[in-house]
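These notes concern the structure reproduced below.
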Amino acid sequence: MKAGLVGIGFMGWIHWLAYQRLENISVSAICSRDEKKRRGDWTGIKGNFGPEGEQVDLSQVNVLASIDQLLETDIDVVDICLPPHLHVEPCLKAIEAGKHVFCEKPLALDAADCDRLVQAARKKGVLLFVGQVLPYFPEYAKAREIIASGRYGNLIGGHFKRIISDPTWLDDFFEADRVGGPMIDLHVHDAHLIRMLFGMPRSVSSTGRMRGGVVEFCHSVFDYGDRNYAVASSCGVINQQGRPFTHGFEIHLEQATLTFELAVFCDGVESLSLKILLPDGSIEKPDLAGGDDITGFEGEITEVVECIQSGRESEILGGELARDAILLAEKQSQSVKTGKVVQLEV
């Protein structure tokens, strides 16, 4: 299978590395406005995980300056790794060209644009995937497996956490019309997971603080009505640089609790490995799949390939699920801004 990669920034680099490890799909075309990157000089790429960029051999790849040129080449799926505010139009162009689309998260900066893309893909009969990679990280993948097994009974609730220090390397992180701030760029991972595990809540109540026009930090409680789940989240930015990142969860089942947390500090990484807490006081420590920073991205691209080959919508990376995650983030922001419980149509 052939992929066309649009945008050679940090996420484009990470996707490129994942493709190099897979045998059933390869990058046959790239497009970038940057002449230096079109020559294969990706040495200036840096991010908050994974290896730094390198000089890349593009001799076997169609190297192009625009998505219009890329869409004229022989490709099966268009992989869009542009900045968030530039996702919508290239996605629409690729869909109209009859190509399957794999768009890095967030699908768009608001739910209305997400829905435009979902409806366009459905009308054209192509598949739309969104790079919500979190379910493919080892601890989250194992949690999904444990939940699906039914071994410990049904889900009854959980708490999900994702907090970073101020991302000083991104000048536009808090601009609603470019990156979207913590709710759209950061919390969307947990909003997606909550939606995938529990469905859409009846309402959400959030409290937090603002920075300009976007939520900087908030705590949220999701109300599921008579489904009787107890679900909450914490997300956002702290202004102390000593802990650049932390995430984790506590997922409640009828007969067990799953716990995990990882924190990156300026003096090292600390992790509370995935554990299963049992009613009799014992603890199980499940084996996790190995890997590195790129492994989760291999997993999501493999899902894209398998879905295209079988013609099925992805239950993890589908566009509707990604749209619902953005909608949840919007409703949480609305709740913080108004100080009121916000209803959702379910």
Side-chain angles (χ1 to χ4, degrees), residues 2-19 27-42 44-50 53 56 58 61-73 75-97 99-118 120-121 126-133 167 169-181 184-186 188-189 192 297 300-301 304 317 319 322-323 325-326:
K2 298 176 182 178
L5 187 58
V6 180
I8 309 299
F10 174 58
M11 289 312 305
W13 166 238
I14 296 298
H15 282 212
W16 169 270
L17 292 174
Y19 283 112
V27 177
S28 64
I30 67 162
C31 76
S32 173
R33 294 175 297 182
D34 188 326
E35 183 180 350
K36 183 177 178 181
K37 289 176 180 175
R38 293 200 301 271
R39 295 197 304 267
D41 184 353
W42 297 4
I45 297 174
K46 296 180 181 180
N48 56 350
F49 66 88
V56 175
L58 297 175
V61 178
N62 285 319
V63 179
L64 306 162
S66 74
I67 188 171
D68 296 309
Q69 294 173 319
L70 181 136
L71 291 173
E72 294 176 356
T73 66
I75 54 175
D76 301 290
V77 58
V78 179
D79 183 335
I80 295 175
C81 290
L82 295 166
H85 70 290
L86 298 178
H87 285 179
V88 175
E89 293 309 315
C91 279
L92 285 172
K93 282 188 175 184
I95 290 168
E96 286 305 310
K99 306 296 185 182
H100 302 297
V101 173
F102 174 40
C103 181
E104 183 52 42
K105 69 83 191 166
L107 178 57
L109 294 177
D110 60 61
D113 274 339
C114 289
D115 204 48
R116 283 177 63 200
L117 297 173
V118 169
V126 298
L127 295 173
L128 174 62
F129 307 91
V130 183
Q132 300 279 176
V133 72
W169 66 94
L170 291 175
D171 294 335
D172 55 1
F173 183 75
F174 289 94
E175 293 183 24
D177 60 352
R178 294 186 64 84
V179 176
I184 299 299
D185 191 68
L186 181 70
V188 69
H189 286 296
H192 176 266
F297 297 90
E300 62 178 359
I301 294 172
V304 169
L317 303 179
R323 177 206 52 209
I326 294 295

Report yes or no: does His100 contribute a side-chain atom to a donor-acceptor pair with the main-chain N or O of Leu127 at less than 3.5 Å? yes

Quick one, Trp16 and Ile8 - any side-chain contact, counting heavy atoms below 4.5 Å? no

Which atom of Cys31 lies closest to which atom of Leu70, heavy atoms considered: N-CD1, 4.0 Å

Of all heavy-atom pairs linking Leu92 and Ala120, the shortest is CD2-CB, 3.9 Å

Using a strict 4.0 Å threshold on nitrogen-to-oxygen distance, state whether Lys93 and Glu89 make a salt bridge. no

With Lys105 as reference, evaluate Leu317, Ile184, Ile326, Val130 under the side chain to side chain contact (heavy atoms under 4.5 Å, CB included) test and give the passing residue. Val130

Please find the pair of heavy atoms, one from Lys37 and one from Ser32, that lie closest to each other, and give the distance. CB-OG, 4.0 Å

Mind checking what makes salt bridge (Lys or Arg N to Asp or Glu O under 4.0 Å) contact with Asp110, not counting sequence neighbours? none

Closest heavy-atom pair, Ala94 versus Leu71, reported as atoms and distance to 0.1 Å, is CA-CD2, 3.8 Å

Between Phe129 and Phe102, how do the two ring planes meet: parallel, tilted or perpendicular, split at 30° and 60°? perpendicular

When rounded to the nearest 0.5 angstrom, what is the spacing between CE in Met11 and CG in Asp79? 9.0 Å

Tell me if a side-chain donor or acceptor on Arg38 pairs with a main-chain N or O of Leu64 at a distance below 3.5 Å. no

Give the intermediate values and the outcome of side chain to side chain contact (heavy atoms under 4.5 Å, CB included) for residues Arg116 and Arg323. CA-CA 10 Å; Arg116 283 177 63 200; Arg323 177 206 52 209; over 6 Å; no

Point-to-point distance, once rounded to the nearest 0.5 Å, from CD1 of Ile95 to SG of Cys103: 9.5 Å

State, to 0.1 Å, how close Lys2 and Ser28 come at their nearest heavy-atom pair, and which atoms those are. CB-OG, 3.5 Å

Would you check, one step at a time, whether the test side chain to side chain contact (heavy atoms under 4.5 Å, CB included) holds for Leu128 with Leu107? CA-CA 10 Å; Leu128 174 62; Leu107 178 57; 4.1 Å; yes

Heavy atoms from other residues, nucleotides or ligands near NZ of Lys99 exceed 12 (cutoff 6.0 Å): yes

For a quick test of reading the model, state the closest non-hydrogen atom pair linking Ala108 to Asp113 and the distance between them. CB-CB, 3.6 Å

Gap between atom CG of Leu109 and atom CG of Asp185 - 0.5 Å precision: 9.0 Å

CD1/Ile67 to SG/Cys91 distance, rounded to the nearest 0.5 angstrom? 8.0 Å

To the nearest 0.5 Å, what is the distance between CH2 on Trp42 and CD1 on Ile30? 5.0 Å

Under the ring pair (Phe, Tyr, Trp, His ring centres under 6.0 Å) rule, collect the residues that match up with Phe10, sequence neighbours excluded. Phe49

Go through Leu170 and Val179 one step at a time and tell me if the side chain to side chain contact (heavy atoms under 4.5 Å, CB included) criterion holds. CA-CA 9 Å; Leu170 291 175; Val179 176; 5.5 Å; no

His87 (side chain) donor-acceptor with Ile80 (main chain) under 3.5 angstrom: no

Quick one: does Val126's side chain get under 4.5 Å of Val101's, heavy atoms only? no

Using distance alone, with no hydrogens and no angle criterion, decide if His85 and Glu175 have a side-chain donor and acceptor under 3.5 Å apart. no

